[in-house]
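A quick note: this is a predicted structure, and the numbers were derived from the prediction, not measured. Protein chains get the first letters and strands the later ones, always in sequence-line order, with residue 1 at the start of each.
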Amino acid sequence: MPSLKDIKKRIGSVKNTQQITKAMKMVAAAKLRRAQEAAVAARPYAEKLQSVLSNLAMREEGDSHPLLSQRGKGRALLVLMTADRGLCGGFNANVSKAAERFIKENEQGFEAIDLTIVGRKGKEFLKSRVPENIKQVHENIMAEATYKTAALLGQEVVDAYQAETYDAVFVLYNAFQSAIVQIVTLEQVLPIQPKEVEEDTADAIDYIYEPTRGEVLADILPKMVEVQFFRALLESNASEQGARMSAMDSASRNAAEMIDKLTLQYNRARQAAITKELMEIISGAESIK
Amino acid sequence: MAEKLKLEMVTPYKRVLSQEVDEITAPGYLGELGLLPGHTPLLTTMKVGELTYRQDGDLFHVAVNWGYLEVENDTVTVLVDTAEKADEIDLERAKAALGRAEEALKTLSQEDKNFAVMEAALERAVIRIQVAGKKVR
């Protein structure tokens with residue numbers, strides 16, 4: 001049986017932990033709101049660009065631009081988005097495991113699969129499991145998920161693709177569903193696959209192109225890649241905050257439960273001590289009589 | 001024929017504008033571009049420059065930076081990297097950026113890959129200052 005002092009000490013330490021998890025939850029909640037707003041604000045741009053691109057690509061032959069042409073299965077690049085920091089539930093583990101699975105499943109399909117990892121946690125998870133696949137690691141870029149960051153990433157990938165270093169590029173990230181639900185999502189970035197548009201609406205629009213259709217397309221395609229990375233970054237960021245918020249929420253709740261249990265134990269021990277003392281006094285008084 | 005154009009301006013960060021306007025002048029790839037209601041469908045890239053639109057007799061100016069412009073059914077969609085309305089521009093910052101770009105250009109040689117970057121920055125700063133001077137009257 002632990003002494004009164006011991007129990008009191010434990011209550012104190014659990015309380016401290018609870019304070020930290022509570023604070024982390026608050027911070028995550030505030031960050032989540034901002035990240036969510038950013039993700040929502042980025043949607044119209046991506047959607048418009050997508051529709052413009054679909055319109056354009058439909059009129060072009062399949063392989064009129066290198067970024068559109070299917071080159072068959074050669075070397076693939078997988079861009080994995082994780083967080084730099086932990087304490088966010090299964091956020092990093094889920095997406096990292098999915099990356100490992102992707103590599104295992106597609107080993108036969110491709111000559112090689114290279115990994116570019118965004119975020120420290122993904123690197124830590126995968127460096128012992130698939131060390132030979134990791135080609136590049138970007139750390140600490142999540143904190144400022146700006147368009148510029150995504151653009152740099154996008155340009156790098158487009159350059160590598162055009163130099164035929166890779167024949168297919170995928171991105172793997174946590175899509176934001178709600179604060180509790182994140183969905184691990186795999187998207188093909190390159191070659192670009194424009195969404196099909198309905199025929200009848202497409203007929204109505206025949207643009208004048210300035211300077212030419214080809215040049216507009218050549219301009220817009222790399223942009224599409226950048227935007228896709230930007231969206232993945234924002235979604236992943238929002239997901240991370242959401243995951244951390246719910247993880248810290250349940251941690252705080254567990255701490256509260258533990259404090260209740262310990263308090264009960266403490267009170268019982270206190271009462272037992274008092275009873276014991278009383279009995280000693282009474283029996284002492286008895287013996288004097 | 002519709003009387004008005006619907007102007008939608010979007011950047012990766014937010015929807016900047018969504019308004020009914022009478023007339024738009026945009027910096028197209030092949031030069032200034034005037035758009036009125038009833039324009040044929042058009043898709044063009046845009047240069048760094050100044051986009052102007054007229055709404056109920058008032059002229060509004062927006063500094064835009066690289067993008068696309070699509071006209072379709074009297075809806076003008078502008079996709080740009082950045083867009084700043086005249087009254088949103090921080091003139092001090094723009095001037096500082098101009099100064100920095102000018103300094104950098106003096107020291108860099110034309111072959112340096114940073115040259116083009118700084119030149120673009122210079123262009124943006126000039127446009128921003130120009131647009132900031134034209135607040136709505």
Side-chain angles (χ1 to χ4, degrees), chain A residues 34-35 37-59 144-152 154-155 197 201-224 226-234, chain B residues 2 6-19 24-36 38-49 51 64-84 97 113-114 116-117 120-121 124:
Chain A
R34 248 183 299 147
E37 273 164 16
V40 169
R43 262 177 214 162
Y45 187 86
E47 277 160 18
K48 293 269 186 223
L49 195 62
Q50 179 76 57
S51 74
V52 168
L53 180 71
S54 302
N55 249 318
L56 263 173
M58 219 193 53
R59 275 165 231 286
E144 32 179 330
T146 61
Y147 188 76
K148 227 180 204 166
T149 325
L152 284 177
Q155 269 156 24
V197 276
T201 56
D203 281 335
I205 316 159
D206 197 12
Y207 294 105
I208 303 173
Y209 295 95
E210 261 181 44
T212 64
R213 190 196 289 158
E215 273 174 73
V216 173
L217 195 63
D219 231 27
I220 220 166
L221 286 173
K223 203 88 197 168
M224 191 67 215
E226 288 172 16
V227 167
Q228 217 166 347
F229 277 123
F230 184 54
R231 268 194 56 194
L233 266 180
L234 289 178
Chain B
K6 191 162 171 21
L7 174 64
E8 295 244 17
M9 190 181 287
V10 237
T11 72
Y13 294 106
K14 62 175 184 196
R15 192 185 293 262
V16 182
L17 281 173
S18 180
Q19 271 170 352
I24 300 169
T25 313
Y29 182 81
L30 300 175
E32 283 277 289
L33 197 69
L35 302 169
L36 287 168
H39 201 283
T40 9
L42 168 82
L43 185 66
T44 179
T45 51
M46 289 197 304
K47 288 191 288 195
V48 178
L51 185 142
V64 295
N65 175 15
W66 256 108
Y68 311 90
L69 182 139
E70 184 198 27
V71 189
E72 180 203 332
N73 279 336
D74 283 329
T75 304
V76 179
T77 311
V78 181
L79 292 175
V80 281
D81 283 0
T82 62
E84 292 167 291
K113 66 177 172 189
N114 275 329
V117 176
R124 280 200 299 275

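- Looking at Glu215(A), the atoms closer than 4.5 Å to chain B (heavy atoms on both sides) all sit in the side chain, from C-beta outward.
- Only the side chain of Thr77(B) comes within less than 4.5 Å of a heavy atom of chain A; its backbone N, CA, C and O stay farther away.
- Of the two parts of Leu33(B), only the side chain, counted from C-beta on, holds a non-hydrogen atom closer than 4.5 Å to a non-hydrogen atom of chain A.
- Thr82(B) meets the side chain to side chain contact (heavy atoms under 4.5 Å, CB included) test with Asn65(B); sequence neighbours excluded.
- Here the two rings, on Tyr13(B) and Phe230(A), have centers that are under 6.0 Å apart.
- A side-chain N or O of Ser18(B) and one of Lys6(B) form a donor-acceptor pair less than 3.5 Å apart.
- Ranked by heavy-atom pairs under 4.5 Å with chain B, the list Val40(A), Thr212(A), Ile220(A) is led by Ile220(A).
- Tested against Leu79(B) for a side chain to side chain contact (heavy atoms under 4.5 Å, CB included), the candidates Leu69(B), Val10(B), Thr45(B) yield a single pass: Val10(B).
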